[in-house]
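Taking it in order: structure first as structure tokens, then the write-up.
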Amino acid sequence: MVDSLLPAQEQLAILTDGVDTVMPQEALLEKLRLGRPLRVKLGVDPTAPDVTLGWAVVFRLLRRFQDLGHTAVLILGDFTALVGDPSGKSETRKRLSEQEVSAYAASCLDMIKDVLSEERLEVRPNSEWLGTMDMHQLLELTSTTTVARLLERDDFAKRFAAQQPISLIEFMYPILQAMDSVAVKADIELGGADQLWNLLMGRQVQSRFDQEPQVAVTVPLLVGTDGTRKMSQSYDNYISIREAPEEMFGKVMSVPDEAMEQWFLLAAGYSESDAASVASEVSNGTRHPGDTKRLLAREIVTIYHGAEAATEAERAFDRLFKDHALPKDIREIVVPASMEGEVFVPALLAEAGLVSSNGEGRRMIKQGAVKLDGVRIEVERLPKADVVGKVLQVGKRRFVRIA
RNA sequence: GCCGGGAUGCCCGAGCGGCCAAUGGGAGCAGACUGUAAAUCUGCCGGCUAUCGCCUACGGAGGUUCGAAUCCUUCUCCCGGCACCA
């Protein structure tokens, strides 16, 4: 527990390093000067079961607030998830079922605790207040804004202009989540850069409810492993914070060079100046990009699994991609009884889960992607005796040992 | 309620009676190159099958036809316009 808070200026420096926007700028310092623990809201909509490195960026910022003695107020958007946040969407969002939401919420909450401290943490499901609102209260809430204002928002504006549908329920989303700020009396709200508009709506609604409006603080959106689109489970370009060390290391290594600076800053937690200096050393040739990416991978794995696991992950990586040796732990499968005598390799690959169908297995063989103990195979059928005890491999990183 | 337009493979998007498992692009996968980067080149990209081929698939259900993603009927959903109500 922190008894006395750091001077406001110092806190400000710590809290705003690497953030995207603070709005309004001066208000954050003023709030910090109050000298009391601030209530820092972060709303999470459990719309997917996994917490990604991208999502972790904002959690890690929240953690910074906690470490400085402030209170993290985590809003579990169990109610709003049913509505569906239209942010950044160019089309109507599908809604989730209650069962999905509660399952996702449980797993996310569990994972979030890897990043947040359990001290100075409040978790509040927004169904608590949104789910019990009556029509009067709802109407009162809707009177805090106007259609014109809602239409100012980029994605709505575009859809409106393009004559795409905007459902009323989506229109409600911004004010519903703004209501969360009122309910928890937020001093500050954090979010991704795409959430800024929503966070500002929170200010507006708070002041209508005679509360001091919150300060909006947003973090940049981390690009995914493809280096272009934002990291998202729906694009399958993400790394889960629970990803196994070797997987995590490998995936980081596949991130394009251009994204490295951003990843140092957002995923590895480097300060703006450190991230920038690493990047400039790469671009002026003082640092080798490949080695730098190793450093990045090590840093990230260290955050979630510890230094030892990171070293181990790097070793495993080298074994595979530098020494072209086999990984240490390989899953074993037994040859199905139906393949006594002669083994139909594509089916065996499918059985082992290395490919999704016999046809794909067959294609992989044809393309020279299948190796048995490191030796490329060209035929689909082999005597069972030839495969038993050996390692079957598809591509660079899918292996099974045949028992 | 009426009139018109639309629904195609992971996504976008052609096709508009047989030559369509369905052009093209994107994503993805594999190979070469390499730093599991980028760029580039090559191949693959519904399932089963050694091959011939078979099956499933063009929103759902029926129908016409030797033959349908393509025509007809109907249903569902979307998009526009008009009307109705206020």
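In this text, all values refer to a predicted model and were calculated from it rather than measured experimentally. Each chain gets a letter, A, B and so on, in the order the sequences are listed, and its residues count up from 1.
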Quickly work out the A:Glu351 CD to B:C48 P distance and round it to whole Å.
-> 13 Å

Distance between P atoms of B:C72 and B:A7 (Å, rounded) = 14 Å

Quantified in whole Å, what is the C1' atom distance between nucleotide B:C77 and nucleotide B:A83?
-> 22 Å

Main-chain N/O of A:Leu392 paired to A:Asp373 side chain as donor or acceptor, under 3.5 Å = no

Any A:Arg363 side-chain N or O less than 4.0 Å from OP1/OP2 of B:G31 | no

Compare side-chain N and O positions of A:Ser357 against OP1 and OP2 of B:G46 and report whether any pair is under 4.0 Å apart.
-> no

Check whether any side-chain nitrogen or oxygen of A:Asn358 sits under 4.0 Å from OP1 or OP2 of B:U49, and answer yes or no.
-> yes

Shortest side-chain distance from A:Arg397, nucleotide among B:A37, B:U36, B:G31 = B:U36

Sugar-phosphate, base or nothing in reach of A:Lys366, heavy atoms under 4.0 Å = nothing

Return yes if a side-chain donor-acceptor contact under 3.5 Å exists between A:Gln214 and A:Ser181, otherwise no.
-> yes

What interatomic distance, in whole Å, is found between P of B:A27 and the corresponding atom of B:G15?
-> 24 Å

Would you mind reading off the distance between A:Lys293 atom NZ and B:A37 atom P, rounded to a whole angstrom?
-> 7 Å

B:G17: pairing nucleotide in any strand, Watson-Crick or G-U under 3.5 angstrom | none

Between B:G46 and B:U23 - P atom distance, rounded Å | 10 Å

Ignoring backbone atoms, establish whether A:Arg376 has a side-chain N or O less than 4.0 Å from OP1 or OP2 of B:A32.
-> yes

Does the B:G31 base have a donor-acceptor partner in the side chain of A:Gln367 within less than 3.5 Å?
-> no

With rounding to whole Å, what would you report as the distance between B:G17 and B:G28 at their P atoms?
-> 36 Å

Calculate the interatomic distance between A:Leu354 atom CG and B:C29 atom P; express it in whole Å.
-> 15 Å

Pairing partner of B:U73 (Watson-Crick or G-U wobble, both distances under 3.5 Å) = B:A61

Using a heavy-atom cut-off of under 4.0 Å over every strand shown, decide if A:Gly368 touches base, sugar-phosphate, or nothing.
-> sugar-phosphate

Provide, to the nearest angstrom, the distance between the CG atom belonging to A:Asn237 and the P atom belonging to B:A27.
-> 13 Å

Earlier contact from the 5' end, RNA chain B, for A:Asp291 and A:Asp226 | A:Asp226

Among B:U36, B:A30, B:A38, the nucleotide that comes nearest once only the side chain of A:Glu258 is considered | B:A38

Taking atom C1' in both B:C52 and B:G62, compute the distance separating them and give it to the nearest angstrom.
-> 34 Å

Counting only Watson-Crick or G-U wobble pairs whose two distances fall under 3.5 Å, which nucleotide matches B:G35?
-> none

State plainly whether the residues A:Lys31 and A:Glu212 are in salt-bridge range, i.e. N to O under 4.0 Å.
-> no

Could you verify whether a donor N or O on one side chain and an acceptor N or O on the other, from A:Gln11 and A:His70, lie under 3.5 Å apart?
-> yes

Return the nucleotide paired to B:C82: Watson-Crick means purine N1 to pyrimidine N3 with N6-O4 or O6-N4, wobble means G-U with N1-O2 and O6-N3, both under 3.5 Å.
-> B:G1

Watson-Crick or G-U wobble partner of B:A50, both distances under 3.5 Å | none

Pick base, sugar-phosphate or nothing for A:Val255, based on heavy-atom distances below 4.0 Å to the nucleic acid.
-> sugar-phosphate

Of A:Asp257 and A:Val394, whose closest RNA chain B nucleotide lies nearer the 5' terminus?
-> A:Val394

Can you tell me, in whole Å, how much space there is between the P of B:C29 and that of B:C54?
-> 34 Å

Could you tell me whether A:Asp50 and A:Arg242 make a salt bridge, using a distance below 4.0 angstrom between a side-chain N and a carboxylate O?
-> no

Please state the P separation for the pair B:A22 and B:G9 - nearest whole angstrom.
-> 16 Å

Using atom OH of A:Tyr238 as one end and atom P of B:A27 as the other, report the distance to the nearest whole Å.
-> 20 Å

Do NZ/NE/NH1/NH2 and the carboxylate oxygens of A:Arg64 and A:Asp17 come within less than 4.0 Å?
-> no

Would A:Lys251 count as a cation-pi partner of A:Tyr238, with NZ or CZ less than 6.0 Å from the six-membered ring centre and within 45° of the ring normal?
-> yes

Give the rounded distance in Å between these two atoms: CZ of A:Phe321 and P of B:C33.
-> 16 Å

Provide the Watson-Crick or G-U wobble partner of B:G24, both distances under 3.5 Å; none if there is no partner.
-> B:C12

How long is the line joining NZ of A:Lys396 and P of B:C29, in whole Å?
-> 11 Å

Is the NZ atom of A:Lys384 crowded by more than 12 outside heavy atoms at less than 6.0 Å?
-> yes

The nucleotide from B:U36, B:A50, B:C29 with an atom nearest the side chain of A:Glu380 is B:A50

Looking across every strand, which nucleic acid part, if any, lies under 4.0 Å from A:Arg362 by heavy atom: base, sugar-phosphate, or nothing?
-> base

Paired with B:C45: which nucleotide, if any, by Watson-Crick or G-U wobble criteria at under 3.5 Å for both distances?
-> none

For A:Pro289, which contact category applies under a 4.0 Å heavy-atom criterion: base, sugar-phosphate, or nothing?
-> base

Rounded to whole angstroms, how far apart are CD on A:Glu360 and P on B:G31?
-> 12 Å

